[in-house]
Amino acid sequence: MPVLDGIKAQLATHLQTLVKQMTLGTTGGSASSKDGGVGAAAMTTTPIIQRIDDRTISISATFDTSLISAKDIKEVSVHGATILDSPAYRTSFHPISKNATNEVRVDIVMEIR
């Protein structure tokens, strides 16, 4: 039996309360559904979380020019109040340089299915 829409809406509301921080890391590597979270955290910021509809939330964060990393950024993780909290989301990507001359904006859309 599929999950009812009312329960999906409550799960989306609960997910909004769990997400507190977004972290960029330098480890990279393949991300999976059994992932333990960000490897080597380089910088963390508080994202803006918006409800799109009953089952979808948007998580956006800007890492401005005051946040720099000596190593290339290779992953993003969305988690609770500390990077030790279990991540709600993690992905890796091609390395990018994050220095005092550029900003990085990360937008993530999460849907409860």
Side-chain angles (χ1 to χ4, degrees):
M1 182 175 140
V3 176
L4 300 175
D5 287 341
I7 297 299
K8 289 178 185 177
Q10 290 180 21
L11 288 170
T13 298
H14 183 61
L15 182 58
Q16 280 183 273
T17 67
L18 295 177
V19 173
K20 304 288 185 209
Q21 300 286 318
M22 184 182 291
T23 299
L24 295 180
T26 60
T27 302
S30 297
S32 74
S33 61
K34 294 182 170 90
D35 216 320
V38 69
M43 58 195 73
T44 300
T45 193
T46 303
I48 297 170
I49 305 163
Q50 296 178 335
R51 187 72 172 261
I52 296 174
D53 60 27
D54 282 349
R55 299 183 331 190
T56 313
I57 64 170
S58 167
I59 306 164
S60 299
T62 300
F63 297 85
D64 62 23
T65 56
S66 68
L67 300 170
I68 61 172
S69 175
K71 296 181 178 180
D72 286 347
I73 300 301
K74 300 176 187 173
E75 62 188 0
V76 63
S77 178
V78 175
H79 51 83
T82 73
I83 60 171
L84 298 176
D85 291 343
S86 295
Y89 176 83
R90 178 185 173 269
T91 192
S92 54
F93 46 82
H94 292 290
I96 58 173
S97 174
K98 176 63 185 91
N99 53 45
T101 64
N102 63 350
E103 290 187 345
V104 172
R105 178 177 168 149
V106 180
D107 295 303
I108 300 169
V109 176
M110 297 180 81
E111 178 183 21
I112 304 296
R113 292 187 182 212

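This one's a predicted model, so the numbers in the text were calculated from it and none came from an experiment. Numbers for residues simply follow the sequence, beginning at 1. No hydrogens, no waters, no symmetry mates; every other heavy atom, side chains included, goes into these values.
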Fill in the blank from the handout: Sorted by chain and number, sequence neighbours left out, side-chain hydrogen bond (donor to acceptor under 3.5 Å, both in side chains) with R113 holds for none
Fill in the blank from the handout: Sequence neighbours excluded, the answer for side-chain hydrogen bond (donor to acceptor under 3.5 Å, both in side chains) partners of N99 is S97, T101
Practice task
Measure the spacing between CG of L67 and NZ of K98 and express it to the nearest 0.5 Å.
Solution key: 6.0 Å
Fill in the blank from the handout: Grouping ILVMFWY residues whenever side-chain heavy atoms fall under 4.5 Å, the cluster of I68 otherwise contains none
Problem - Within-4.5 Å side-chain heavy-atom neighbours: F63 and V106 - result: yes
Practice task
Would you mind listing the cluster partners of V109? Hydrophobic ones only (ILVMFWY), side-chain contacts under 4.5 Å, chaining allowed.
Solution key: I52
What pairs of donor and acceptor atoms, side-chain ones from residues 40-50 against any protein atom, are under 3.5 angstrom apart with sequence neighbours left out?
from	atom 1	to	atom 2	distance (Å)
T44	OG1	T23	OG1	2.9
T46	OG1	Q21	NE2	3.3

Practice task
With sequence neighbours left out, write down each residue that passes salt bridge (charged side-chain N to carboxylate O under 4.0 Å, His left out) with D64, or none if nothing qualifies.
Solution key: none
Practice task
Kindly determine whether I73 and V104 satisfy side-chain contact (heavy atoms from CB on, under 4.5 Å), including the steps that lead there.
Solution key: CA-CA 10 Å; I73 300 301; V104 172; over 6 Å; no
Handout entry: Sidechain-backbone polar pair: K8 side chain, A12 backbone, donor-acceptor under 3.5 Å
Key = no
Completion exercise
CG (L24) and CZ (F93) are apart, to the nearest 0.5 Å, by 6.0 Å
Fill in the blank from the handout: The reported gap from CD in Q10 to CG in L4 (rounded to nearest 0.5 angstrom) is 10.5 Å
Handout entry: Partner residues of T62 under the side-chain hydrogen bond (donor to acceptor under 3.5 Å, both in side chains) criterion, sequence neighbours left out
Key = none
Problem - Note: R105-D107 ion pair, threshold 4.0 Å (strictly below) - result: yes
Exercise for the section: Measure the spacing between OG1 of T91 and CD1 of I108 and express it to the nearest 0.5 Å. Expected result: 8.0 Å
Exercise for the section: Report the residues that fulfil salt bridge (charged side-chain N to carboxylate O under 4.0 Å, His left out) with E103, sequence neighbours left out, ordered by chain and then residue number. Expected result: none
Handout entry: Partner set under side-chain hydrogen bond (donor to acceptor under 3.5 Å, both in side chains) for T17, not counting sequence neighbours
Key = none
Exercise for the section: Sorted by first residue and then second, give each salt bridge (charged side-chain N to carboxylate O under 4.0 Å, His left out) pair with at least one member in residues 42-61; sequence neighbours left out. Expected result: R55-E111
Problem - Non-hydrogen atoms of V78 and M22 that approach each other most closely - result: CG2-CE, 4.0 Å
Completion exercise
In terms of heavy-atom contacts, T26 and K71 come closest through CG2-CB, 3.8 Å
Fill in the blank from the handout: Across all chains, not counting sequence neighbours, the side chain to side chain contact (heavy atoms under 4.5 Å, CB included) partners of L18 are H14
